K.L.:
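Dropping a structure here in structure tokens format, bear with me for questions.
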Amino acid sequence: MPELPNVKKGKQVVMRLAPYPSGALHIGNARMLVINDEYVKRYKGKLILVYDDTIGATKQAIETNLDAKYIIPEAYDLIRDGLEWLGVNYDKKNVVYKSDRLDIYQKYAKEFIQKGEAYVCDCDAALYRENHKKVGIPCSCKALSIESHLERWNQMLDGTYAEQEAVVRLNTGMDQKDPALRDHVIMRISDAEHPRIGTKYRVWPILDFSWGIDDHELGITHIIRGADLQKEGFMEQFIWDLMGWEHSNIQLYGRMKFSKNFKLSKTLARQKISTKEYDGWEDPRTWSLQSLRARGIQSEALRQSLIDLGMSMSGINFSENWIYAKNTKIIDENANRYWFVEDPIKLDISDLSKTEYTSTPLLNPNNEKLGTRNITLNAFNNQASVYISRLDTVEQLSRKGNKVRFPKISVGSQFRLKDLFTIEVQSVHPKKYNAVFLTEEAEKSIRKIQWVPHASNIKVHVLKPDGIVMHGRAENTIKSLPLGTILQFERYGYVKIQKIEKNEVYCYFTH
RNA sequence: GCUUCGAUAGUGUAGCUCGGUCAAGCAUGUGAGGCUCUCACCCUUGCGACGCGGGUUCGAAUCCCGCUCGAAGCACCA
């Protein structure tokens with residue numbers, strides 16, 4: 001990341017985080033958090049957490065529109081929790097809530113009206129947009145006297161005006177080139193109940209305005225945010241000029257686009273969680289920080305991936321594989337290996353000469369000191385049974401989506417049950433394969449697959465990132481692992497153990 | 001449509017301010033080989049890019065102009 005401009009000697013860099021508490025922070029929000037945090041650490045500055053908890057939608061919108069934005073009370077803690085996990089070092093003694101600052105915004109709004117810099121407009125929003133904003137012609141409200149605007153302001157406060165019936169517009173000028181900026185709204189009415197302060201206030205600031213005030217009042221020296229907030233930067237600068245305030249330095253970065261298979265929206269996640277379609281904020285489909293943690297993604301992998309994106313203004317097609325690649329490098333050396341067969345299929349083996357075969361694979365081939373685990377297969381009447389994964393009996397792609405080196409297992413296939421012995425398939429039935437023992441000698445080039453004893457194993461459920469749960473069986477040794485352990489199921493992927501219940505193991509698929 | 005911004009390999013990013021050391025670095029991806037009783041990890045090695053056109057200059061990824069393509073914003077959300 002480039003150096004920050006306008007860093008003055010003897011003046012501390014002060015930056016801020018501005019999450020909206022409508023749900024848990026997700027991977028998209030994380031870029032803003034990580035970049036700000038990283039700069040503050042580099043310049044030994046101060047990072048202020050400002051809950052951007054203005055009211056959001058109107059009461060009416062919240063009641064009628066599923067997509068309306070509003071605050072959910074548990075989001076405050078979810079955000080705090082997410083920041084902690086990410087290692088964001090904000091000033092914990094000085095957390096700011098916008099909802100505590102309504103008096104300030106109202107004071108400035110009134111001051112602007114008194115100065116003639118703002119006015120109360122009671123035009124219909126849609127009509128105003130068509131007849132005034134788009135064409136650049138002021139509405140009749142603007143010509144009224146300051147006294148009548150002050151009177152209207154009081155009527156906004158005292159409830160004479162209902163929601164949607166009046167707003168305060170900043171006099172940015174109807175001749176602005178960008179229609180969006182023409183006499184933009186700075187205060188509006190919402191009777192919605194706020195989780196922290198209830199209905200104490202009904203006239204709320206718009207984002208641009210509240211930040212124009214707060215970035216100055218909180219002494220923010222540098223603002224870093226997504227390019228989608230460009231207009232807000234203009235509005236803030238307009239306000240700073242009106243007040244004669246020093247400008248904070250604003251840096252923008254381009255938007256991230258995510259692949260089709262995940263939609264990032266706190267509002268959408270909130271909906272799906274409330275309808276139980278998602279299993280809480282740890283559901284991988286939310287892509288919340290909590291869900292990433294539950295999957296076994298290391299925060300350092302996420303941080304580094306986001307920092308690698310830099311501060312480019314161009315749009316980015318974000319790939320989750322960047323995180324996975326970094327995460328693999330972090331977790332691999334500590335992720336012990338175990339066997340898991342997804343969608344098990346029974347395999348009967350004959351021609352065995354011993355009554356017991358014991359397999360002792362290394363827990364971690366990259367660290368022999370960790371030792372081995374023991375898996376015993378018992379034979380009766382020269383026969384034994386194991387489970388293998390149905391994935392190995394069908395044509396399939398590798399984890400990364402490439403062609404696999406070996407063809408599907410079918411009649412005549414010779415392969416090795418890993419760390420045990422080599423067999424040849426004799427016959428294939430829908431629910432059962434038969435094979436004969438060939439040798440215990442290991443050949444280098446032969447295919448090896450994981451297996452579990454038919455008589456001794458544990459049921460495992462793996463929650464994939466797309467929300468689908470896969471079922472299978474793993475070796476018994478994983479039963480004694482502590483919850484939260486990240487391990488590698490060989491030839492399958494990394495998983496994190498979420499819970500063990502009724503002798504069944506529940507995991508999140510990491511990647 | 002209007003406003004603003006951007007364009008380096010498949011995906012990202014460094015370099016562009018102060019033109020030569022850039023026949024373009026790094027990550028990820030991908031091909032080959034090695035290691036390995038995993039298709040993992042690790043190691044070696046190959047592949048792959050300056051959007052197009054013009055100009056300035058001895059010399060342009062870097063400066064200028066035009067074009068093309070793309071993104072964001074255009075709400076009484078944040």
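The structure displayed is predicted, hence computed values, not measured ones.
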K.L.:
Under a 4.0 Å N-O cut-off, is there an ion pair linking A/R225 with A/E236?
P.N.:
yes
K.L.:
Quote, to the nearest angstrom, the C1' distance that separates B/U45 from B/C50.
P.N.:
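So the two C1' atoms sit 25 Å from each other.
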K.L.:
Can you check the distance between B/A72 and B/A49, where both ends of the measurement are the C1' atom (answer in whole Å)?
P.N.:
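It works out to 25 Å between them.
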K.L.:
Regarding A/L252, tell me which of base, sugar-phosphate or nothing describes its non-hydrogen contacts under 4.0 Å with the strands shown.
P.N.:
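Nothing, no nucleic acid heavy atom in range.
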K.L.:
With a cut-off of under 6.0 Å to the ring centre and 45° to the axis, is A/K496 in cation-pi contact with A/Y508?
P.N.:
no
K.L.:
Which is true for A/Q450 with a 4.0 Å heavy-atom rule: it touches a base, it touches only sugar-phosphate, or it touches nothing?
P.N.:
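If one applies the 4.0 Å heavy-atom cut-off, A/Q450 turns out to touch nothing in the nucleic acid.
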K.L.:
Among A/D214, A/I186, A/V168, whose side-chain contact (heavy atoms from CB on, under 4.5 Å) with A/F209 holds?
P.N.:
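Single side-chain contact (heavy atoms from CB on, under 4.5 Å) partner of A/F209 among A/D214, A/I186, A/V168: A/I186.
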K.L.:
Would you indicate what A/N317 reaches in the nucleic acid, counting non-hydrogen atoms under 4.0 angstrom: base, sugar-phosphate, or nothing?
P.N.:
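Counting heavy atoms under 4.0 Å across all strands, the contact made by A/N317 is with sugar-phosphate only.
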K.L.:
Just name whichever nucleotide pairs with B/C47, Watson-Crick or G-U, keeping both distances under 3.5 Å, else none.
P.N.:
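Here B/C47 is engaged in a pair, and the nucleotide opposite it is B/G29.
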K.L.:
Please tell me whether A/D52 and A/W211 have a donor and an acceptor in their side chains that are separated by less than 3.5 angstrom.
P.N.:
yes
K.L.:
Using the P atom on both, measure B/C76 against B/C69 and round to a whole Å.
P.N.:
32 Å
K.L.:
Classify the side chain of A/K69 versus the base of B/C77 as yes if they form a donor-acceptor pair under 3.5 Å and no if they do not.
P.N.:
yes
K.L.:
So what does A/V185 hit on the nucleic acid, given a heavy-atom distance under 4.0 Å: a base, only sugar-phosphate, or nothing?
P.N.:
sugar-phosphate
K.L.:
By the 4.0 Å heavy-atom rule, please label A/D52 as base, sugar-phosphate, or nothing.
P.N.:
sugar-phosphate
K.L.:
Which whole number of Å gives the distance between the C1' atom of B/A32 and that of B/C58?
P.N.:
43 Å
K.L.:
NA contact type, A/A125, heavy-atom cut-off 4.0 Å: base, sugar-phosphate, or nothing?
P.N.:
base
K.L.:
When all nucleic acid strands are considered with a 4.0 Å heavy-atom cut-off, which category describes A/R255: base, sugar-phosphate, or nothing?
P.N.:
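Result for A/R255 = sugar-phosphate.
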K.L.:
When all nucleic acid strands are considered with a 4.0 Å heavy-atom cut-off, which category describes A/K444: base, sugar-phosphate, or nothing?
P.N.:
sugar-phosphate
K.L.:
Please classify the nucleic acid contact of A/G56 as base, sugar-phosphate, or nothing, using heavy-atom distances under 4.0 Å.
P.N.:
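The answer is sugar-phosphate, as A/G56 gets under 4.0 Å only of primed atoms, P, OP1 or OP2.
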K.L.:
Is there a side-chain polar atom (N or O) of A/R129 under 4.0 Å from OP1 or OP2 of B/C76?
P.N.:
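Indeed, a polar side-chain atom of A/R129 lies that close.
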K.L.:
Looking only at side-chain N and O atoms, does A/K98 come under 4.0 Å of OP1 or OP2 in B/A78?
P.N.:
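For A/K98, the contact criterion (side-chain N or O under 4.0 Å from OP1 or OP2 of B/A78) is not met.
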K.L.:
Heavy atoms under 4.0 Å, any strand shown: does A/S312 hit a base, just sugar-phosphate, or nothing?
P.N.:
sugar-phosphate
K.L.:
Between A/E163 and A/R202, does any NZ, NE, NH1 or NH2 come within less than 4.0 Å of an OD or OE carboxylate oxygen?
P.N.:
no
K.L.:
side-chain contact (heavy atoms from CB on, under 4.5 Å) with A/D332: which of A/N364, A/N327, A/N366, A/I486?
P.N.:
A/N366
K.L.:
Does the side chain of A/R225 get closer than 4.0 angstrom to OP1 or OP2 of B/A72 through an N or O atom?
P.N.:
no
K.L.:
By the 4.0 Å heavy-atom rule, please label A/I316 as base, sugar-phosphate, or nothing.
P.N.:
sugar-phosphate
K.L.:
Could you work out the separation of B/U44 and B/G53 based on their P atoms and round it to a whole Å?
P.N.:
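Here B/U44 and B/G53 have their P atoms 39 Å from each other.
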K.L.:
Rounding to an integer number of angstrom, what distance separates B/A9 and B/U13 when you compare their C1' atoms?
P.N.:
12 Å
K.L.:
Mind checking the C1' distance from B/G25 to B/G15? Whole angstroms is fine.
P.N.:
8 Å
K.L.:
In whole angstrom, give me the gap between the P atoms of B/C43 and B/U4.
P.N.:
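Looking at atom P only, B/C43 and B/U4 are 49 Å apart.
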